[in-house]
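We use all heavy atoms of the structure for the numbers below, so side chains are in, but hydrogens, waters and symmetry mates are not.
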Amino acid sequence: MVKSLISFLFLLQSLTAFPQPVQDTTFLVKAIQNSINAYRQAIGGQAKIHNGSKYLPPKEAGDYHPYFLSEDWLIGNVVYDEEHFDNVPLMFDILHSRLVTEHSSSGHAIQLIVEKLDQFSIAGHTFEKIDNASVNGSLPDTDFYDILYSGPTRVIAKRQKVLREKIVSNAIETLYDERFRYFLFKNGVFFQVKNKSAVLKILEDQKQPLKKFLKNNNMIFSDDKELALKRMAEFYDNAKKGDL
């Protein structure tokens, strides 16, 4: 349907290149506008999100891939060029930090323009662009960070994969190594945290209550670092508010 509409639109535009009687011209203008409206409706009103460049996938690597969670399309939501789009097929290339979607008419993979992309959600994870200058340069760079906890003591993760090649049986094998880094927000800046001790040092004014909280909940930091970080930050914020 979409290809037919596009072909018809091109035909109508070519006809307007030649002199037409006033009535015929009016008809053609209306027909062109109707075709445009039909095209927009056919792609679910998401023409604007298809404003991107063709995506060239990285090297194939067997069971390894450069994407977050899956190398297949995942349905998510996007804030793009100040508009919200729902139910969009997405893949997040965390080798190059590029969000990829599928063009509805051609089926080609396209990468969205980074400058127009503010936030997106995929598989229950919300990624937000954080300007490094806004946090006094405390992050590795301006990038999309996974928001694990959005309270005053924010917890975020930088999801990244790194290309590595090794020689196996006289052949080069391509691997994508996963590297996740975690950051805790306090006093206007982010601190990278790798273990429980680092978290307790940053939140030292609630160190003993936090240790007790972990013990009472049988929570071992190294078993589930992301969950522990979220729960500790939430506990800290509630303690500071006096809700505990």
Side-chain angles (χ1 to χ4, degrees), residues 1-10 12-13 29-58 65-135 139-152 154-161 180 183 185 190 230:
M1 177 180 179
V2 174
K3 290 183 179 179
S4 299
L5 286 167
I6 294 173
S7 299
F8 181 53
L9 179 59
F10 285 158
L12 290 173
Q13 288 176 323
V29 170
K30 289 182 178 179
I32 290 172
Q33 188 58 53
N34 289 338
S35 295
I36 293 172
N37 292 338
Y39 169 69
R40 287 174 176 168
Q41 186 176 3
I43 64 172
Q46 298 196 11
K48 196 172 185 180
I49 203 172
H50 295 144
N51 179 16
S53 58
K54 186 174 181 180
Y55 173 69
L56 299 176
H65 61 80
Y67 306 100
F68 179 58
L69 295 181
S70 175
E71 59 182 332
D72 294 321
W73 296 114
L74 298 171
I75 301 302
N77 306 318
V78 179
V79 178
Y80 188 66
D81 203 8
E82 299 183 347
E83 287 191 25
H84 189 97
F85 300 93
D86 296 319
N87 302 316
V88 182
L90 298 172
M91 290 189 296
F92 186 25
D93 176 346
I94 56 176
L95 177 68
H96 300 109
S97 193
R98 293 290 182 266
L99 188 64
V100 183
T101 189
E102 183 180 34
H103 195 283
S104 62
S105 59
S106 68
H108 292 153
I110 60 173
Q111 62 183 41
L112 298 180
I113 299 170
V114 174
E115 290 75 16
K116 294 186 176 184
L117 183 60
D118 296 316
Q119 180 180 303
F120 60 93
S121 298
I122 184 172
H125 294 259
T126 297
F127 289 84
E128 180 182 312
K129 184 192 292 180
I130 300 179
D131 183 353
N132 198 22
S134 70
V135 291
L139 290 172
D141 47 33
T142 297
D143 206 345
F144 299 99
Y145 292 86
D146 191 356
I147 309 301
L148 302 181
Y149 171 68
S150 58
R154 299 180 81 191
V155 179
I156 64 174
K158 183 174 176 62
R159 311 290 190 183
Q160 188 177 20
K161 287 189 178 180
F180 293 166
F183 301 86
F185 188 74
F190 279 102
K230 290 187 286 186

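- Side chain of K129 to backbone of L117: a donor-acceptor contact under 3.5 angstrom is found.
- Taken to the nearest 0.5 Å, the CG atom of L95 stands 12.0 Å off from the NE2 atom of H65.
- The six-membered or imidazole ring of F92 lies near that of F127, with a centre-to-centre distance under 6.0 Å.
- Put simply, the side chain of V135 reaches to within 4.5 Å of the side chain of F185, judged on heavy atoms.
- With 3.5 Å as the limit, one finds a donor-acceptor pair spanning the side chains of D93 and Y55.
- The distance from the CG atom of N87 to the CD1 atom of I75 is 7.0 Å, given to the nearest 0.5 Å.
- With hydrogens and angles ignored, the 3.5 Å screen pairs no side-chain donor or acceptor of K54 with any backbone N or O of A109.
- Taking CG of L99 as the start and CD1 of I122 as the end, the distance is 6.5 Å to the nearest 0.5 Å.
- A salt bridge links R154 and E128; the closest N-O separation between the charged side-chain nitrogens and carboxylate oxygens is under 4.0 Å.
- The heavy-atom pair separating S121 from L90 by the smallest distance is O-CD1, 4.0 Å.
- From S53, atom OG reaches atom CD1 of I113 across 7.0 Å, with rounding to the nearest 0.5 Å.
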Would you be so kind as to tabulate the donor-acceptor pairs closer than 3.5 Å made by side chains of residues 139-152, with sequence neighbours excluded?
{"from": "D141", "atom 1": "OD1", "to": "Y145", "atom 2": "OH", "distance (Å)": "3.4"}
{"from": "D141", "atom 1": "OD1", "to": "K158", "atom 2": "NZ", "distance (Å)": "3.4"}
{"from": "T142", "atom 1": "OG1", "to": "D131", "atom 2": "OD1", "distance (Å)": "3.4"}
{"from": "T142", "atom 1": "OG1", "to": "N132", "atom 2": "N", "distance (Å)": "2.9"}
{"from": "D143", "atom 1": "OD1", "to": "S97", "atom 2": "OG", "distance (Å)": "2.5"}
{"from": "D143", "atom 1": "OD2", "to": "K158", "atom 2": "NZ", "distance (Å)": "2.6"}
{"from": "Y145", "atom 1": "OH", "to": "D141", "atom 2": "O", "distance (Å)": "2.7"}
{"from": "D146", "atom 1": "OD2", "to": "H125", "atom 2": "ND1", "distance (Å)": "2.7"}
{"from": "D146", "atom 1": "OD2", "to": "R159", "atom 2": "NE", "distance (Å)": "3.1"}
{"from": "D146", "atom 1": "OD2", "to": "R159", "atom 2": "NH2", "distance (Å)": "2.8"}
{"from": "Y149", "atom 1": "OH", "to": "D237", "atom 2": "OD2", "distance (Å)": "2.8"}

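- A heavy-atom distance below 4.5 Å is not found between the side chains of V78 and H84.
- Scanning all heavy atoms of the two residues, the minimum distance from T101 to P89 falls at OG1-O, 2.8 Å.
- With rounding to the nearest 0.5 Å, the separation of NZ in K161 from OH in Y67 is 10.0 Å.
- Pairing each heavy atom of V100 with each of W73, the nearest pair is O-CZ3, 3.5 Å.
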_Test side-chain contact (heavy atoms from CB on, under 4.5 Å) applied to Y80 and L112, step by step_ = CA-CA 8 Å; Y80 188 66; L112 298 180; 3.6 Å; yes
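- Counting only distance, with no hydrogens or angles, the side chain of H96 and the backbone of R98 share no donor-acceptor pair below 3.5 Å.
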